[in-house]
2 protein chains.
Amino acid sequence: MAQRVPVASIQQYSQEHLREVLNTAGRRLTPQREKVLSLFQNLGPGHHLTADDVHHHLKQSGKKVSLATVYRSLKLLVDIRLLDEGEWQEGLHCYELRQGGSKAHHHMVCMRCGHTEEFISEVITAASRDVSQVTGFELTEVRLILRGICRRCRQRSKATAEALL
Amino acid sequence: MAQRVPVASIQQYSQEHLREVLNTAGRRLTPQREKVLSLFQNLGPGHHLTADDVHHHLKQSGKKVSLATVYRSLKLLVDIRLLDEGEWQEGLHCYELRQGGSKAHHHMVCMRCGHTEEFISEVITAASRDVSQVTGFELTEVRLILRGICRRCRQRSKATAEALL
DNA sequence: ATGCCTGCAAAGGATTTGCACCCTA
DNA sequence: TAGGGTGCAAATCCTTTGCAGGCAT
């Protein structure tokens with residue numbers, strides 16, 4: 001297991017990384033963009049937020065960023081590959097902090113409570129690479145979503161069923 | 001390989017299946033719903049259409065079904081599990097005929113031309129089951145999307161690059 | 001200073017919904 | 001005949017965009 005790096009460092013690093021990447025592209029590091037990125041960093045990896053979630057979180061923290069700007073920043077951060085975007089729950093476009101390395105992590109979404117777990121599978125990654133290679137496909141992204149009912153919800157419904165007997 | 005069943009039979013079967021399922025649920029088989037389902041059946045499996053695509057296709061065939069009804073029918077057909085819904089291309093909700101069996105088929109989408117290939121991987125299916133089992137997750141659906149550049153587009157851009165020399 | 005960014009509000013696109021009429025079961 | 005379905009248009013929801021002023025570089 002990789003050692004956990006202090007949050008402060010991660011933030012520091014990405015803040016600089018962000019400024020650098022932006023400036024190189026002739027774009028700017030603004031307080032708004034910083035706030036959006038910080039939100040994800042403070043929550044830590046594994047959190048999936050919609051644009052609206054981000055807007056609300058920031059508003060509650062007293063950090064005002066307009067919704068339009070939230071949308072613009074999220075898109076930007078995805079371009080820069082600091083965030084990932086996906087529709088894990090039907091109809092909900094969410095963003096999450098991009099995991100440090102090249103590890104493709106996958107999602108397991110509970111259709112009852114919406115809880116999302118992440119996992120990594122070397123087998124699946126390898127299989128994806130194989131399929132791509134055979135097809136002459138240049139693989140950029142592997143995205144796997146398992147949908148179903150999580151353990152907690154299964155136990156809950158089991159308990160409910162028993163109570164009805 | 002399973003023997004290929006004549007299209008007519010499939011249609012026949014699903015038409016009846018559709019009526020049966022609907023009636024059982026106190027709902028009705030209408031010409032509109034039939035037209036929407038037929039469109040997918042006539043195109044055959046592997047076609048991904050948006051609600052708007054369906055609307056246009058039907059209009060061109062002289063079969064008028066209002067867009068609102070197309071939306072309502074698509075949702076219904078997904079509920080009945082005759083169609084599958086997915087966002088394979090960013091921001092495009094598409095529908096496709098649900099493959100007969102329990103085989104989870106996956107998608108490989110070219111980010112340049114939008115072409116979509118399908119494939120089946122026993123390895124990935126098995127790995128998904130394993131992960132679910134370990135986590136106590138009741139698996140309902142496995143959805144894998146590989147994004148990248150298809151062979152044709154790679155060759156095309158290679159040719160273009162050479163022409164520029 | 002320059003011109004990229006922001007906030008606001010309006011525009012836009014996709015999907016849903018209310019309602020009066022229609023038609024299947 | 002009853003009540004689910006349809007078409008139409010209006011309403012919603014989510015996201016993008018135009019514009020005037022603001023602020024990094």
Side-chain angles (χ1 to χ4, degrees), chain A residues 15-39 48-59 61-80 82-83 85-95, chain B residues 15-39 48-59 61-80 82-83 85-95:
Chain A
Q15 224 72 265
E16 277 322 305
H17 176 54
L18 182 54
R19 163 171 278 122
E20 203 178 303
V21 174
L22 289 174
N23 289 348
T24 303
R27 320 197 64 185
R28 297 167 184 178
L29 177 56
T30 66
Q32 289 86 341
R33 291 170 180 179
E34 231 174 286
K35 285 172 191 159
V36 172
L37 179 57
S38 297
L39 172 59
H48 301 79
L49 306 181
T50 63
D52 215 55
D53 290 338
V54 172
H55 186 232
H56 277 91
H57 273 266
L58 291 178
K59 184 173 281 181
S61 318
K63 306 176 197 287
K64 303 286 170 57
V65 178
S66 78
L67 185 55
T69 297
V70 168
Y71 273 106
R72 288 188 277 230
S73 302
L74 288 173
K75 180 164 285 189
L76 180 69
L77 292 169
V78 169
D79 283 347
I80 299 179
L82 284 177
L83 295 184
E85 190 269 341
E87 183 178 357
W88 294 289
Q89 308 231 60
E90 298 299 308
L92 275 189
H93 291 83
C94 293
Y95 297 83
Chain B
Q15 223 73 264
E16 276 322 304
H17 176 54
L18 183 53
R19 161 170 278 123
E20 201 178 304
V21 174
L22 289 174
N23 289 348
T24 304
R27 320 199 63 186
R28 297 167 185 181
L29 177 56
T30 66
Q32 289 86 339
R33 291 170 181 177
E34 230 172 288
K35 285 171 192 160
V36 172
L37 178 57
S38 296
L39 172 59
H48 301 79
L49 306 180
T50 62
D52 214 55
D53 290 338
V54 172
H55 186 230
H56 278 91
H57 274 265
L58 291 178
K59 184 173 281 182
S61 318
K63 306 175 196 290
K64 304 285 170 59
V65 179
S66 78
L67 185 54
T69 296
V70 168
Y71 274 106
R72 288 187 277 230
S73 302
L74 288 173
K75 181 165 284 186
L76 180 68
L77 291 170
V78 169
D79 284 346
I80 298 179
L82 284 177
L83 296 183
E85 191 269 342
E87 183 180 358
W88 294 289
Q89 309 230 60
E90 298 299 309
L92 275 188
H93 290 83
C94 294
Y95 296 83

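Proteins come first, then strands; the chains are lettered A, B, ... in the order of their sequence lines, and each starts at number 1.
Minimum atom distance to the side chain of B:Thr30 is reached by D:dG5, of the listed D:dT17, D:dG5, C:dT24. Comparing D:dT6, C:dG7, D:dT15 against the side chain of B:Thr69 picks out D:dT6 as the nearest. The B:Arg27 side chain lies nearest to D:dG4 when the options are C:dT24, D:dG4, C:dT6. Relative to the side chain of A:Lys75, the nucleotides C:dA14, D:dT15, D:dT16 differ in distance, and D:dT16 lies closest. The B:Tyr71 side chain lies nearest to C:dA14 when the options are D:dC14, C:dA14, D:dT25. Side-chain proximity of B:Ser66 to C:dT15, D:dT15, D:dG7: nearest is D:dG7. The side chain of A:Asn23 sits closest to D:dT25 out of D:dT25, D:dT16, D:dG5.
Between B:His93 and C:dA14 there is no side-chain N or O to OP1 or OP2 distance below 4.0 Å. OP1 or OP2 of C:dT6 sits under 4.0 Å from a side-chain N or O of A:Arg33. For C:dC23, neither phosphate oxygen OP1 nor OP2 lies less than 4.0 angstrom from any side-chain nitrogen or oxygen of B:Gln32.
A donor-acceptor pair under 3.5 Å is absent between the side-chain atoms of B:Asp79 and the main chain of B:Leu76, judged by distance alone. Using modelled atom types, no side-chain atom of A:His55 and backbone atom of A:Ala51 make a donor-acceptor pair closer than 3.5 Å.
Atom CD of B:Glu90 and atom C1' of C:dA14 are 16 Å apart (whole Å). Protein atom CG of B:Leu76 is 13 Å distant from nucleotide atom P of C:dT16, rounded to whole Å. Summarising the geometry, the separation between OH on B:Tyr95 and P on C:dA14 is reported as 13 Å, rounded to the nearest angstrom. A straight line from NZ of B:Lys64 to C1' of C:dC22 spans 18 Å, rounded to a whole angstrom. Distance CD (B:Gln15) to C1' (C:dT24): 15 Å, rounded to an integer number of Å. Rounded to an integer number of Å, the gap from B:Gln89 CD to C:dG13 P is 19 Å. If you measure from atom CG of A:Leu92 to atom P of C:dA14, you get 19 Å, rounded to the nearest angstrom. Rounded to a whole Å, the NE2 atom of A:His56 is 11 Å from the P atom of D:dC14.
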Verdict with reasoning, A:Leu49 to A:Cys94, per side chain to side chain contact (heavy atoms under 4.5 Å, CB included): CA-CA 5 Å; A:Leu49 306 181; A:Cys94 293; 6.0 Å; no
- request: Go through A:Glu85 and B:Glu90 one step at a time and tell me if the side chain to side chain contact (heavy atoms under 4.5 Å, CB included) criterion holds.
  value: CA-CA 10 Å; A:Glu85 190 269 341; B:Glu90 298 299 309; 3.1 Å; yes
message: The test is side chain to side chain contact (heavy atoms under 4.5 Å, CB included); show your working for A:Leu82 and A:His17 and say whether it passes.
response: CA-CA 10 Å; A:Leu82 284 177; A:His17 176 54; 3.8 Å; yes
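Nearer to the 5' terminus of DNA chain C, by closest-nucleotide assignment, is the contact made by B:Leu67 (compared with the other of B:Leu29 and B:Leu67). Map B:Pro31 and B:Ala68 each onto its nearest nucleotide of DNA chain C; the residue landing nearer the 5' end is B:Ala68.
Using a 4.0 Å heavy-atom criterion, one finds that A:Arg28 contacts the bases of the nucleic acid, with or without backbone contacts as well. Among the heavy atoms of the strands lying under 4.0 Å from A:Arg72 is at least one base atom, whether or not backbone atoms are also near. When heavy atoms are screened at a 4.0 angstrom cut-off, A:Asp52 is found touching no nucleic acid atom at all.
Between B:Arg33 and B:Leu77, every side-chain heavy-atom pair lies at or beyond the 4.5 Å cut-off.
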